Every structure is written in C-alpha cells, then in structure tokens.
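Everything on this sheet refers to the single structure shown next.
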Amino acid sequence: MEKVQGEMEIERWERSEEISDAEKKVIQETWSRVYANCEDVGVSILIRLFVNFPSAKQYFSQFKHMEDPLEMERSLQLRKHAQRVMGAINTVVENLSDPEKVSSILALVGKAHALKHKVEPIYFKKLTGVMLEVIAEEYANDFTPEMHSAWTKMKTLIYTHVTAAYKEVGWAQYPNATL
C-alpha cells in the first residue's frame, strides 16, 4: 500500500471510493440477512476483533481481562456493545443513498470514540476488516466477488468517515496516535 504525504500519512486505499447504486443494493441485500441475526453476528465480530487484536480490549473495562471467547460470548456488556455497533452499521446501510446522513452518523461515532472513549482510530480499520471477514465467512456460499468488492468499499467508507471525525477534533495532538 502506497503512502500519500500530508499532514498525516493516509494509505491510498483508505480514500473512500464511490459506492454505485448496484453496490448499495448488494450491501443492503446482504446486510438484511446479516442484521436478521445481528446480535450473534455482532458478538462474533467483536470476539474475533479481541482474539486477533487483544490490545483492542484495553478500551473496555468490563471485559478487558477476558481471554476465553466463550466467556466473552456470555458477557452482557459485550453483547450490548455488539448491538450498538450493529445498530450504527445498520443506520449507515439504511442511509447509503444519503451521503450527508452517513457522514453525520459516522462523525458522531468517530467523535465519541476520539473524545470520550479515547480509542485509537486504527482500531476502526481492524474492526471493519474483521467485519468483512465474518460476513464473508457467514455467507460464504453466496459471497461473490461483486459482494466482496461492494463490502470492501463499505469498509473503507466507514473507516474514512470515522477517521475524518478524528482529524476534525484534533486527534493528531495525541502522542502515538495513528490514523
């Protein structure tokens, strides 16, 4: 991945590519199946995030010391956070045809995580990558290259908008911050 020089380095693939109407439809159709099972899929996404990137747990006092995926799966706090994550993604998916609304939703998420929770923005890249993996595995029989391409754009859209909010609130002022 090529880096672009600027105030902060941004990987080229992180620039949000336009999602076509056909790709929006693919995302919305896939998501309707995913969201029908939102709690379990959300929990799977968070557990995979925490297993693959244990440092992500540092932001969650309620379950940061949990190592066992089964214990994580039973955690009510983890389940509640999974529902919030899936709800936010659902709102984005439902509003893909309204770029202003998508931007507004993801700005709120980004600002809350930057200012209130102090979560490093790199974890949104990790989360969206894990989200794509889990969706692709859950729907492996139906996950076509076109679906993968559309969801890759969706992943990038989420990360790009969230990190834009971090930049807006001056996240670069924090030492060791990575965007």
Side-chain angles (χ1 to χ4, degrees), residues 1 11 13-14 16-17 19-20 22-60 62-96 102 105-106 108-110 112-113 117 119-163 165-166 178-179:
M1 286 177 248
E11 294 176 5
W13 71 267
E14 291 169 1
S16 190
E17 249 184 275
I19 299 175
S20 72
E23 289 167 326
K24 288 174 188 172
K25 186 176 182 200
V26 165
I27 290 167
Q28 289 168 330
E29 287 172 357
T30 310
W31 186 253
S32 69
R33 290 186 288 160
V34 171
Y35 200 65
N37 193 17
C38 83
E39 186 174 338
D40 290 337
V41 176
V43 167
S44 294
I45 290 168
L46 289 182
I47 289 173
R48 171 93 50 101
L49 175 71
F50 296 145
V51 168
N52 291 356
F53 307 100
S55 61
K57 291 188 293 181
Q58 70 183 306
Y59 302 105
F60 299 92
Q62 325 81 305
F63 44 86
K64 72 178 176 184
H65 299 295
M66 292 181 189
E67 298 296 326
D68 180 14
L70 290 175
E71 183 182 6
M72 288 182 219
E73 189 175 346
R74 290 188 296 264
S75 167
L76 288 177
Q77 292 91 350
L78 188 138
R79 287 190 164 280
K80 285 180 185 177
H81 193 68
Q83 288 174 333
R84 282 192 299 274
V85 169
M86 297 297 279
I89 295 168
N90 186 59
T91 304
V92 170
V93 170
E94 285 178 343
N95 290 285
L96 279 175
V102 167
I105 295 160
L106 293 173
L108 288 172
V109 169
H113 284 79
H117 307 297
V119 175
E120 288 188 55
I122 192 68
Y123 287 103
F124 281 93
K125 180 188 280 186
K126 293 173 181 182
L127 175 67
T128 56
V130 167
M131 177 187 76
L132 181 58
E133 286 174 17
V134 169
I135 291 171
E137 288 171 14
E138 292 279 330
Y139 301 94
N141 294 338
D142 308 319
F143 211 72
T144 64
E146 293 79 18
M147 288 172 78
H148 189 274
S149 175
W151 275 97
T152 298
K153 288 182 180 182
M154 176 69 170
K155 172 183 95 159
T156 304
L157 175 132
I158 292 169
Y159 181 71
T160 302
H161 280 75
V162 167
T163 55
Y166 273 76
T178 40
L179 279 176

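Side chains included, hydrogens not; waters and symmetry mates left out as well; all remaining heavy atoms used. Owing to the predicted nature of the structure, the values given are computational and were not obtained by experimental measurement.
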Nearest 0.5 Å please: distance from the [atom1] atom of [X] over to the [atom2] atom of [Y].
| X | Y | atom1 | atom2 | result |
| --- | --- | --- | --- | --- |
| T152 | E23 | OG1 | CD | 9.5 Å |
| Y35 | I89 | OH | CD1 | 10.0 Å |
| M72 | R79 | CE | CZ | 13.0 Å |
| S75 | K80 | OG | NZ | 9.5 Å |
| H81 | L78 | NE2 | CG | 8.0 Å |
| M86 | L46 | CE | CG | 9.0 Å |

Could you tabulate the donor-acceptor pairs under 3.5 Å formed by side-chain atoms of residues 47-57, not counting sequence neighbours?
| unit_1 | atom_1 | unit_2 | atom_2 | d |
| --- | --- | --- | --- | --- |
| R48 | NH1 | E133 | OE1 | 3.0 |
| R48 | NH1 | E137 | OE2 | 3.2 |
| R48 | NH2 | E137 | OE1 | 2.5 |
| S55 | OG | Y123 | OH | 2.6 |
| K57 | NZ | M66 | O | 2.4 |
| K57 | NZ | E67 | OE2 | 3.4 |

Of the non-hydrogen atoms in [X] and [Y], which two are nearest, and what is the gap between them?
| X | Y | result |
| --- | --- | --- |
| F124 | H113 | CZ-CG, 3.6 Å |
| A150 | I27 | O-CD1, 3.4 Å |
| Y166 | G110 | CE1-O, 3.5 Å |
| V93 | Q28 | O-NE2, 2.9 Å |
| K24 | I19 | CE-O, 3.2 Å |
| I158 | L106 | CA-CD1, 3.8 Å |

Look at the aromatic rings of W151 and W31 and report parallel, tilted or perpendicular, splitting at 30° and 60°. tilted
Between V34 and Y139, is there a side-chain heavy-atom distance shorter than 4.5 Å? yes
Hey, is E29 close enough to R33 for a salt bridge, meaning N to O under 4.0 Å?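 No.
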